[in-house]
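Worksheet: the structure to be examined is printed underneath.
Only this structure's heavy atoms are used, side chains among them; waters, hydrogens and symmetry mates stay out. Letters A, B, ... are given to chains in the order of the sequence lines, protein chains preceding strands, and every chain is numbered from 1. It should be emphasised that the depicted structure is a prediction, and the values quoted were computed from it without experimental measurement.
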Number of protein chains: 2
Amino acid sequence: MAQSNNVTPLFNDLAKIQRDHNIACQDCSLYRLCLPLGLHSDDLAQLDQIIKRSQSYKRRQSLFTVDNKFTSLYVVRSGSFKTMISASNGRDQVTGFYFPGEFIGLDAIHQQTYQSNAKALESSSVCELPFENLQELGKDMPKLQVQLLTRLSKELAGDKSLMLLLGKKTAGEKLATFLLSLSKRFQDRGFSSTEFQLTMSRTDIANHLGLAVETVSRILSRFQEDDLIVITGKAISLQNIGKLKALCG
Amino acid sequence: MAQSNNVTPLFNDLAKIQRDHNIACQDCSLYRLCLPLGLHSDDLAQLDQIIKRSQSYKRRQSLFTVDNKFTSLYVVRSGSFKTMISASNGRDQVTGFYFPGEFIGLDAIHQQTYQSNAKALESSSVCELPFENLQELGKDMPKLQVQLLTRLSKELAGDKSLMLLLGKKTAGEKLATFLLSLSKRFQDRGFSSTEFQLTMSRTDIANHLGLAVETVSRILSRFQEDDLIVITGKAISLQNIGKLKALCG
DNA sequence: TTGTTTCCATGATCTAGGTCCATAAATTTG
DNA sequence: CAAATTTATGGACCTAGATCATGGAAACAA
């Protein structure tokens, strides 16, 4: 492709990438889901200045790893990430998946070191928010602080639900709940709530839900037999959201 | 006891209770663990004014229940609490236990309604922090905001560890991890790290760890046979913290 | 193109821990 | 205080889902 004799498409792609990455918060399609929500335009301009945009990560590349010094919060701009923590004996737990507009690193604030490994699931990009600058800014911008608290609180509530899932639900209920949670998040982001890509591997899903990979495969096959979903590789289509909801327990 | 002809002990008890409950933040034994950490004394005085102290709850009494309007954060002053969330079919999950100096209700900020039921495990008391006042105060008190963020972040990190426990650990590992987590928290509060009361029922423990009550009983008995612990009803004594740590996985 | 590796699906077996039951101890109530 | 209820323990059995094993399909490298 680099030696293509027609240079226009490549040029356009690059231009588009530039544009997407340098876009100001107020023009960003994620505005509604992201930190600046509710800020006045002059506050927004200040926030804009401290954000480091345009950070790209390839599949499997780490955003940070456990015990790295905590410097910044990250907001997913495009693509997706997973976070993992490890038990002393090597077993690990995928603690979350993160999609555009979602924050990564919130659990690092209290210790000033990152508490997990964060890895890109596909080619992805983030906005980096240096925490010190953010705090500095927050002093004169109460709404920013409220937004941060809200973000943390939301993730906390989500994790409590996940505890219910991990502790009390059957394999089928876990998968149904997981698929609907993804559906909801994609819908909130303006994507289809019924057709999307499972950017994480089956192994990641299994791990996250406290199941074996084999179980995930089997249940997904069963869901397919029951006409609840159609799966083709990583692409999934939810055929009967009502029944899936009923299965969540 | 009310008709005791010697009135002095009762009078003293009441005086003590009064004193304990109205004590100012700066004189509180929980100061080090609580919100005011790092505030200057005039800031502290302001915080003192918005705190509603002296709220007592009896065993089983609710601090709040799901979907109640969120108005305040609570800090445990004495005693202990549990929080629970419910699946649609009645199964529920104990999402946390809370001891003196710990915050309850942080996951309610984002929805403005409480996300769980919070119940006293014994006669307990809390300090109530009306959130609006707290936010108002936070505008001129950056350190207060940082403290709040830190609190949230800490609970978030704890919940991620709990996900690892629920998803990946065996029954024995779960119990060992749980006991050591309590031990650590009591130690931080200046209590014994080896001798304490399990104020929650075996059922609550089982539920929290994603186990059956019977399993909890059996494992605790096994730990006792192996001279790791001594249990007498709700009182527990850790005999071999080293071995317990090794069992955590 | 052909290894090489990673990922996914599915069948066959095994087991940790759940469920069910009975009893005993502790706590609450009247 | 006894009666009633709740809470704790332990045995017998069973099942959901883990583990083991195999083969095929993508993804990746050389």
Worksheet item: Hey, does A:Ala171 reach any base, or is it just sugar-phosphate, or nothing, if we go heavy atoms under 4.0 Å?
Response: sugar-phosphate
Worksheet item: What integer distance in Å separates A:Ile236:CD1 from C:dA9:P?
Response: 11 Å
Fill in: Interatomic distance, B:Leu175 atom CG to B:Leu165 atom CG [nearest 0.5 angstrom]
9.5 Å
Worksheet entry | Contact list for DNA chain C against residues 213-235 of chain B - heavy-atom distance below 4.0 Å | B:Glu214, B:Thr215, B:Arg218
Worksheet entry | Plane angle bin for B:Phe97 and B:His208 - parallel if under 30°, tilted between 30 and 60°, otherwise perpendicular | perpendicular
Worksheet item: Taking everything shown except B:Lys234 itself, do over 12 heavy atoms lie less than 6.0 Å from its NZ?
Response: yes
Worksheet item: Are any side-chain N or O atoms of B:Gln187 and backbone N or O atoms of B:Lys184, one a donor and one an acceptor, separated by less than 3.5 Å?
Response: no
Worksheet item: CG of B:Leu209 versus P of C:dA16: gap in Å, rounded?
Response: 19 Å
Item to complete: Side chain of A:Thr203 only, please: which of C:dC8, D:dG17, D:dT7 is the nearest?
Response: C:dC8
Discussion item. Using a strict threshold of under 4.0 Å (side-chain N to carboxylate O), is an ion pair present between B:Arg77 and B:Glu128?
Written reply: no
Fill in: Spacing of A:Lys169 atom NZ relative to D:dG17 atom P, expressed in whole Å
13 Å
Worksheet item: Does the distance from a Lys or Arg side-chain N to an Asp or Glu carboxylate O, for A:Glu102 and A:Arg185, drop under 4.0 Å?
Response: yes
Response to the item:
Taken to the nearest whole Å, CG/A:Leu121 to C1'/D:dA27 is 16 Å
Worksheet item: Starting at CG of B:Leu165 and ending at P of C:dG17, how long is that distance when rounded to a whole Å?
Response: 12 Å
Worksheet entry | Pair B:Lys160 + A:Asp107: basic N to acidic O under 4.0 Å | no
Discussion item. What is the separation between atom CG on A:Asn207 and atom P on D:dT19, rounded to the nearest whole Å?
Written reply: 12 Å
Response to the item:
To the nearest angstrom, the CG-P distance between A:Leu175 and C:dA9 comes to 11 Å
Discussion item. Does B:Gly172 reach a base, just sugar-phosphate, or nothing at all? Heavy atoms under 4.0 Å.
Written reply: nothing
Worksheet item: NZ of A:Lys58 versus P of D:dC28: gap in Å, rounded?
Response: 12 Å
Worksheet item: On DNA chain C, nearest-nucleotide positions of A:Arg202 versus B:Arg59: which is more 5'?
Response: A:Arg202
